[in-house]
There are 2 protein chains.
Amino acid sequence: MESQTRAKKMEATRKKLIAAGRKAFAKKGFAAASMDELTAEAGLTRGALYHNFGDKKGLMAAVVDQIDMAMATKAKEAGEEIGGGWEGLLAEGRAYIEMALEPEVQRIVLLDGPAVLGDPAQWPSQNRCLQGTIGTLRALASEGLIKPVDIEALARLLNGVALNAALWVASSEDAQGTLPKAIAAFECLATGVLNKAPQAVHESG
Amino acid sequence: MESQTRAKKMEATRKKLIAAGRKAFAKKGFAAASMDELTAEAGLTRGALYHNFGDKKGLMAAVVDQIDMAMATKAKEAGEEIGGGWEGLLAEGRAYIEMALEPEVQRIVLLDGPAVLGDPAQWPSQNRCLQGTIGTLRALASEGLIKPVDIEALARLLNGVALNAALWVASSEDAQGTLPKAIAAFECLATGVLNKAPQAVHESG
DNA sequence: TTCTTTCACATACGTAGTGTATGTCAATTG
DNA sequence: CAATTGACATACACTACGTATGTGAAAGAA
């Protein structure tokens, strides 16, 4: 029955390495992060890293996946809390923007991630987030609220707007001051997907 | 009269290095691009590089600036050709999206640029582009066409949408097929900044 | 012109960091 | 209890950046 001891230990080291990776990548950036330092801080050596993740990029992928998946979950929750629908979509966007205030998200997911792992749209975690947005948009479209445009394209750009707003807020000096502006502008652009003026739309449940 | 010989030669080497940098950064990516290979292909050595640009990042900055400035110019021209105003703004966005089909733009400006040089909103070239968008938006706002939202925020996100659409098109397998979808979705979102439905707006000159 | 200085660039070197090949010891299996 | 697997450490090779130093041609002085 203790035949899981090995696997559990390995899972523990994976966690340690991912945690150390988050810290190092956030603080130094991907390129400047040293795998020697990183693994040493986790009480390990590079041997563990290359055994578990293949290479530096592999660890980055694991780290990005973890953060990004948490973001998607949080955003979705924010949307469902408010009851889904159009307001839910806006809430998802707002949540996404606010999360980007965290330096880890900013540096790892928004800046280094795309450069190291390629276009975010291809990441498994981002795809999950995108599928969520697509689902919400389809539901709205079936009610006739959305303009007759390719839904996937709309979802991608909508996510992109939130991501960009987030990046702007994050890189701004007065983050707390720009946050409301960014959110307002996001909602402003988002209303572009609607068939009618937003004032005319309340709740249709 | 030949007192410019020195400076001219230096300018020539700078051009050679930037050109070689464009090729190498686009093909290999910033991290994997070797300065030895790069400079050798330009008929020079790393000495020239470090003398002219300080370090690898310095060359990257010069390359990005060159490309990005050309993009801004081209986009602005596209907007002015159509006569400015609302249609001009859309034309700028379309131009931006189409330019991102070039691998150089995609890899250097959209992917590696932000990771190496930081948030694009801080780049001098991007600021120039942003100022243009802000100017156009202000003009539209003075005609009462724009919603009462912070113009800078709007401009940033609008540029961001175009940039994101571009990135999507670029990373798509069937670029020619996704391009129209991306443009349509961009225009869709862009109408969100308008006070009224876009159908009611033609030209107001 | 000729001597001196400057400077754009090349050459040589130190260092750091990644990835791989090999070693080792505990956990598993029979 | 012997044999084997495998997770991780150690050792090594290679690459590449940045710097310190050298060099030869252009620019200025006399």
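Labels below follow one simple rule: chain letters A, B, ... track the order of the sequence lines, proteins then strands, and each chain is numbered from 1.
- For B:Glu11, the salt bridge (charged side-chain N to carboxylate O under 4.0 Å, His left out) criterion is met by no residue, not counting sequence neighbours.
- Pairs passing the salt bridge (Lys or Arg N to Asp or Glu O under 4.0 Å) check and including a residue from residues 44-66 of chain B, sequence neighbours excluded, read B:Asp36-B:Arg46.
- Under the side-chain hydrogen bond (donor to acceptor under 3.5 Å, both in side chains) criterion, B:Asp119 pairs with A:Ser171, not counting sequence neighbours.
- For A:Asp36 and C:dG19, the CG to P distance is 12 Å, given to the nearest whole Å.
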N/O contacts under 3.5 Å, protein versus nucleotides 10-14 of chain C?
unit_1	atom_1	unit_2	atom_2	d
C:dA10	OP1	B:Thr45	N	3.4
C:dA10	OP2	B:Thr45	N	3.0
C:dA10	OP2	B:Thr45	OG1	2.6
C:dA10	OP2	B:Ala48	N	3.4
C:dA10	O5'	B:Thr45	OG1	3.2

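- If you measure from atom CE of A:Met35 to atom P of D:dA9, you get 13 Å, rounded to the nearest angstrom.
- Take B:Ala184 and apply the side-chain contact (heavy atoms from CB on, under 4.5 Å) test, not counting sequence neighbours, and it matches A:Val149.
- Listed by residue number, the members of residues 51-58 of chain B with any heavy atom below 4.0 angstrom from DNA chain C are B:His51, B:Asn52.
- Among residues at least two apart or in separate chains, side chain to side chain donor-acceptor pair (under 3.5 Å) pairs with a member in residues 67-76 of chain B are B:Asp68-B:Ser125.
- Under the salt bridge (charged side-chain N to carboxylate O under 4.0 Å, His left out) criterion, A:Glu80 pairs with no residue, sequence neighbours left out.
- Salt-bridge check for A:Lys23 with A:Glu104: failed, with every basic side-chain N at 4.0 Å or more from each acidic carboxylate O.
- Evaluation of the salt bridge (Lys or Arg N to Asp or Glu O under 4.0 Å) test over residues 92-102 of chain B, restricted to residues two or more places apart or in two chains, returns B:Arg94-B:Glu187.
- Put simply, CG on A:Leu59 is 11 Å from P on C:dG19, counting in whole angstrom units.
- Put simply, CG on B:Leu111 and CG on A:Asp112 are 12.0 Å apart, with the number rounded to the nearest 0.5 Å.
- Less than 4.0 Å separates DNA chain C from at least one heavy atom of each of the following residues of residues 26-34 of chain A: A:Ala33, A:Ser34.
- Contacts of A:Thr39 classified as side-chain hydrogen bond (donor to acceptor under 3.5 Å, both in side chains), with partners at least two apart in sequence or in another chain: none.
- The two atoms that bring A:Asp174 and A:Ser172 nearest to each other are N-OG, 3.2 Å, heavy atoms only.
- Side chain of B:Asn195 to backbone of B:Gly144: a donor-acceptor contact under 3.5 angstrom is found.
- Across residues 12-23 of chain B, B:Thr13 each have a non-hydrogen atom less than 4.0 Å from an atom of DNA chain C (numbered order).
- Straight-line distance from the OH atom of B:Tyr50 to the P atom of D:dA16: 12 Å, rounded to whole Å.
- How far CE of A:Met99 is from CG of A:Leu163: 10.5 Å, rounded to the nearest 0.5 Å.
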